[in-house]
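Here the structure comes first, spelled out in C-alpha cells, and everything after it is commentary.
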Amino acid sequence: MRRTFGTWMWLLAAPLGLFLLAFLAYPIAYAIKLALTDPLTQAFPSVSNVRLIVHDSLFWQALWGNIILPIASVALELAAGLGLAVVMAARFPGRRLLRLVVIVPFALPEIVFLAIMRSVFAPRGYANAALAAAGAPPVEWLLPGRALTFLTVVVVDAWHVTPVVFLMVLAALAALPNEIDEAAQLDGAGMLARFFCITLPLLRPALFAAVLLRGLDAMRMFATPLVLAGVEGAPVLSTYAYHQWSDYGNDGAAAAAASGLALLCTLVTLLLLRRRVLT
Amino acid sequence: MSRRRTTLVLLALGVATLDLLPLALILKQAFTPERESFAWPPTWWPHEFTLDNFRTLGTTIELERGFWLSLGVAGLTVTSALILTLPAAWLAARRPRADRPLDAAMIVARLFPTIALAVPLAALFVSVGLYNHPAGLGLWLAHTLLAIPVAFLVLRTGFRDVPAELEDAARLDGASACGAFLWVTLPLVRPSLAAAGILVFLVSWDEFAYALLLQVTNRSLPPLLYYLSAFGYPGLASAVAAIMLVPALAIIFVLEPALRSGTLSGSGR
Amino acid sequence: MATVAYEHVSKRFGETVALVDFSLEIADGEFITVLGPSGCGKSTLLRLTAGLERLSAGTICVGGGRIDDLSPSERNVAMVFQNYALYPHMTVRRNIEFPLRMRRLARGERRRQAEQAAALLELSDYLERRPAELSGGQRQRVALARALVRQPALFLMDEPLSNLDARLRAGVRQYIRDVQRRLHVTTLYVTHDQTEAMTLGDRIVVMQRGRIQQVDAPVAIYERPANTFVAGFIGSPPMNLLPSVYSDGVLDIGGQRLPAPPGLRDRLTRQTRELTIGIRPEAFVPTLPDMTRALIAVPHAATMEITGAETLVRGHVGPCEVTMRLGGVRREIPDRLATSLDQAHVFGDTGERLTP
C-alpha cells in the first residue's frame, strides 16, 4: 500500500522535473548554443562570440571585478557578521531589540535598498552632506572606473547582506555547549584566548559554509553594481553580459559572458556539493 | 562590568543607526517633495511634509499597472511553486534515494547565475509570445524557477519534522496511505507551507533581474523603481519603495523567530 | 594551604532563592560531598565557588584569601563538569595541556606535566585521540587529568558519575577517592546519590532548598540525622517516619500506646506534642526480650523481596506503612515483627531531632 502511495507521489513530482527540464536544463543548453553560434553566419560551433568579448577591455575589467568584488564583500560580511554575533552573545539592555534591527537591511527588498543607497552616495547625496557638515570636501563615490567605486559597491553589498552571515553565525554559536566555554574560563583563558582557541575553531564548519554560500551569491551579483554604478562604473560579468544583450543586442556575446560566469559558479557549487554543506 | 556594558550599548546604538538609516531615509524621501529632494545640502527631515509623491503614484498608469503586475505575478508564483514542490519535498524527506538528486538539482537551480538563464529564456519567450507579456506570464514562469529551491528547502524541512511514525500509526489506526498523508501529515506541515508561501511571495515581489530583462514595457515595480531612481525622481522612487516595503517588513517580523532558529538561513538572495 | 571558608553565602536568581546563608569551613585536603535533591542549591554552590555565577551576599575564601571578587580564570580552582566539557577539536594531549598553555608554560615543560597527569590516570595510550573517539569512562579521566594537571588549590566535581554506566560507577568512585587521597587536594563533590556521598566524603553537607540541613561525617549522619529530611534522605530503603502523639510519658504510635524513651520528657516543653518517630528498616526483628514495651508491626508476606543478602518486606503499624529489612534469605516471614523504642529516633513537630 505504501508503495502505491509512493508511486503516486513520484507521479505528482514529475511536473516539477518537467518544469526544471524546460526552464532550467533547456535554457542552459540553449545558452551554450547561443554562445557558440556565430551571430552573422549562424555557423555552429564558432568562437566568434568568445573572440568578441576577449577583445573587449571591458570584459577583462568585468572578469577582474568578478573576482575582487566577491572576495572583498565576503571578507567584510564575515568580519562584520562574526563580530556582531560575538557581541550579541553578551547580555546588555536592548539586546533582543537589536537582534531585530540588525535584520532590517536584509529585510528590505534589494532594489529598494539600492535605490536609497544611490541617494546616499550621489554627488549631492547624504554621505557628502555628512562630510560637508564635518567640514570635509565631497567625495565622488560612484564615478566609473575608480577603485573607490568598487569599494563603495562592496560596502553597500556587505551592508545589505551582513545580517545573513550574522544569523548563520548566531545559530552556530548557540549550538556550542556553554560548558566548554566555562571549562576554558576555569582553565585560565581570558576572553581573547577563549575566542581564538576555542570558539573560532569550533565555528569553522559554519564559517566555511557561510563563506561558500555568500561567495557564490556575491559572484552572481547583478543588481548591486548595475543600480549603483552602471556597467562601466563597477563592471562584473553579469552586468557585462546584460550590457552586451541590452545595449548592443549581441545575444551570442552576452550568452558567452554569462556562460563563463555560470562555469565559474558551477565549479564552486561542485565544491559545495562535495562538502554536503547544504543538506 | 559597567564600562563594558556601556561600550556594548554604544556599539549597539551605532549598529542600530547604521541598520535603520536606509529605512528612515526612504520614508523621509517618500514624504518630501521632489524640489526639496534636489536641494543641497539634502535635508534629514522633510521641511515640507507632503503626500504628493503618493498621489502621483496613484495617477500614473504605468505605476498602477506595475503594482498589479507585481502582485499578480507574486500570487501566481506562490501557487505554482507550492504545487510543484510539495510532492517532491515529501519524497525527499521520506525517501533518501530521491533526496540526493533532488537536492543537487535544487542547489544548481538556486546558485546558477540569473543572467545566464535570463538571456536564453528571453529568446525562448520571444518565440512563444511570452516575452513582455502584459499580464507578466513569462515573468511568472521565471519567478517559479527562482522560487522552487526556496519552497523545496522549507517544505522538505517541514516534512522531515513530521516523524514517519505518525503516518505509520495512522495506517495502523485504519487510514489508507493517502488518507494518512491528507489527514495527519498535511495539517502538521501547515506552518511550513505558510512560511514557504510567504518566502516565495517575497522572492517574486522583490525580484529585479528577470523583471528587467523579460518585461520591457509592462514592467513590475522593481525595474520601475530603478528607472525612477536613475532618472532623478527620488521622491517618487521612494514612494514606490515605501509601497514595496509594506509586505516585506510586515512579513519579516512575523518570520523572525524562524529566521533565528536557522531554518531559513539557507534561503538568502 | 588550601582551606576553604564560606561565610553567609547567598545567591538569588531574580525572585528565586537558590542558596541561603551558607557557611562552612573546609580543611586542607578534605573531601566534602554536597548531597541533596535537585533544586537544593548544590550546583549553585559549585558554580559560585568556580566563579561562573556571582554571589548575592557573603564571601568565599580559599587559603585565607578572598576569591569571590576574582574571575574564574584567576581563581586556581579546577572543575570536572557533569558532561566533562572536553574541547572536541583538540586531542587528549592538547586538552590536558590547555590550562598549562594558558599559564604560558614552555612547551617542553607543558608536555612533561601533561604526560605525567595522563600517566596518573592511565591515559598514556590515548594521548593522540580526540574526545569523540573515547568511551565515557575515558573521557571522564581526561576531564580529571585536565583539572589536576595544574595542581589547583580546590577541586570541584559536578555529579561526575551520573553519565556513566551503573557497572562502571563503583569502580570509578574508588578511583576518584584514590586519586584525591594521593594528591591531597581539597575537593568539593556534588551529587544526588547518597551511596556516593556515604562512601566518598570525609564529611557530607546535606542540603535542601538552598539551606544546609546537616554537616557531619557519613556515619554520624546515618546514625544521628539532624531532622526528618536528612533521616528520610539517607539510607536505602529510607527510614520509616511514623507520626505519633506524646502525652504524659506515653507515646501513641499508630494506635499503640507505649512508655516514652527515658529522657524524652525532659526535652519536651509542653504536655502534649506531635512528634515523628523514625525507625530504620533493619531495626525490626522477629522477637524482643521485653515484648510488652515493643512496637509491633504486621508484615504483608506478599510484598516480600529477596535480594540475597537480605529480605525486604512491607507492612503496617496501625494505619502507617513501614518497610522492614531482615538479614539473609527468609522463606517465610513471621506474622509479627517488633522494634524497641530505645533505638528509635524522635523528631519534634518542626522536624528537628530530639533524642541525643
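Just so it is clear: chains get the letters A, B, ... in the order the sequence lines come, proteins before strands, and each one is counted from 1.
- B:Trp205 places no side-chain N or O within donor-acceptor distance of the main-chain N or O of A:Pro109, the cut-off being under 3.5 Å.
- Atom CD1 in B:Ile83 sits 11.0 Å away from atom CG in A:Leu12 (nearest 0.5 Å).
- Residue B:Met106 comes nearest to A:Leu20 through the heavy atom pair CE-CD1, 4.3 Å, listed as atom of the first residue, atom of the second, then distance.
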Check the pair A:Leu226 / B:Leu212 against side-chain contact (heavy atoms from CB on, under 4.5 Å), numbers first and verdict last. CA-CA 11 Å; A:Leu226 185 71; B:Leu212 189 69; 3.8 Å; yes
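- Considering all non-hydrogen atoms of both residues, A:Ala31 and B:Pro120 come closest at CB-CG, 3.7 Å.
- Here the CZ-CG distance, from B:Phe112 to A:Leu216, works out to 11.5 Å after rounding to the nearest 0.5 Å.
- Highest contact tally toward chain A, considering only B:Thr85, B:Leu23, B:Asp206, is held by B:Asp206 [criterion: heavy-atom pairs under 4.5 Å].
- For the atom pair A:Ser119 OG and B:Ile26 CD1, the distance stands at 9.0 Å (nearest 0.5 Å).
- Note: B:Ala230 leads B:Ala230, B:Ala105, B:Ala209 in heavy-atom pairs under 4.5 Å with chain A.
- Residue B:Glu207: no heavy atom, backbone or side chain, is found under 4.5 Å from chain A.
- Using a 4.5 Å cut-off between heavy atoms, B:Ala109 touches chain A through backbone and side chain atoms alike.
- Looking at A:Arg124, the atoms closer than 4.5 Å to chain B (heavy atoms on both sides) sit in the backbone and in the side chain alike.
- When heavy atoms are compared at a cutoff of 4.5 Å, A:Thr266 approaches chain B solely by way of its side chain, counted from C-beta outward.
- Of the two parts of A:Val165, neither the backbone nor the side chain holds a non-hydrogen atom closer than 4.5 Å to a non-hydrogen atom of chain B.
- Among B:Ser238, B:Ala242, B:Ala241, the residue with the largest count of heavy-atom pairs under 4.5 Å with chain A is B:Ala241.
- B:Leu145 touches chain A through backbone and side chain together, each having a heavy atom under 4.5 Å away.
- Closest approach of B:Leu121 to A:Pro27, counting heavy atoms only: CD2-CG, 3.9 Å.
- No more than 12 heavy atoms of other residues, nucleotides or ligands sit less than 6.0 Å from atom OH of B:Tyr233.
- Between A:Trp159 and B:Pro22 the shortest side-chain heavy-atom distance falls below 4.5 Å.
- Here the CZ atom belonging to A:Phe222 is positioned 11.0 Å from the OH atom belonging to B:Tyr210, to the nearest 0.5 angstrom.
- How far CG of B:Leu225 is from CD of A:Glu110: 11.5 Å, rounded to the nearest 0.5 Å.
- Across A:Tyr126, A:Trp245, A:Tyr26, the residue that shares the most heavy-atom pairs under 4.5 angstrom with chain B is A:Tyr126.
- Heavy atoms only, all atoms of each residue included: A:Ile111 and B:Tyr226 are closest at CD1-CB, 4.0 Å.
- With a 4.5 Å cut-off on side-chain heavy atoms, B:Leu124 and A:Tyr30 do not count as touching.
- Chosen from B:Leu141, B:Leu213, B:Leu221, the residue pairing most often with chain A at heavy-atom distances under 4.5 Å is B:Leu213.
- At a 4.5 Å heavy-atom cutoff, A:Pro138 makes no contact with chain B through either its backbone or its side chain.
- Of the listed residues A:Ala257, A:Ala115, A:Ser259, the one with more heavy-atom pairs under 4.5 angstrom with chain B than any other is A:Ala115.
- When heavy atoms are compared at a cutoff of 4.5 Å, B:Ile148 approaches chain A solely by way of its side chain, counted from C-beta outward.
- Interface remark: of the candidates B:Leu21, B:Val15, B:Asp19, B:Asp19 forms the most heavy-atom pairs closer than 4.5 Å to chain A.
- Using a 4.5 Å cut-off between heavy atoms, A:Ala223 contacts chain B through both its backbone and its side chain.
- The shortest distance between side-chain heavy atoms of A:Ser238 and B:Pro113 does not fall below 4.5 Å.
- Between A:Ala13 and B:Pro87, the closest heavy-atom pair is N-CB, 3.7 Å.
- Of the atoms belonging to B:Thr144, heavy atoms from both backbone and side chain fall under 4.5 Å from chain A.
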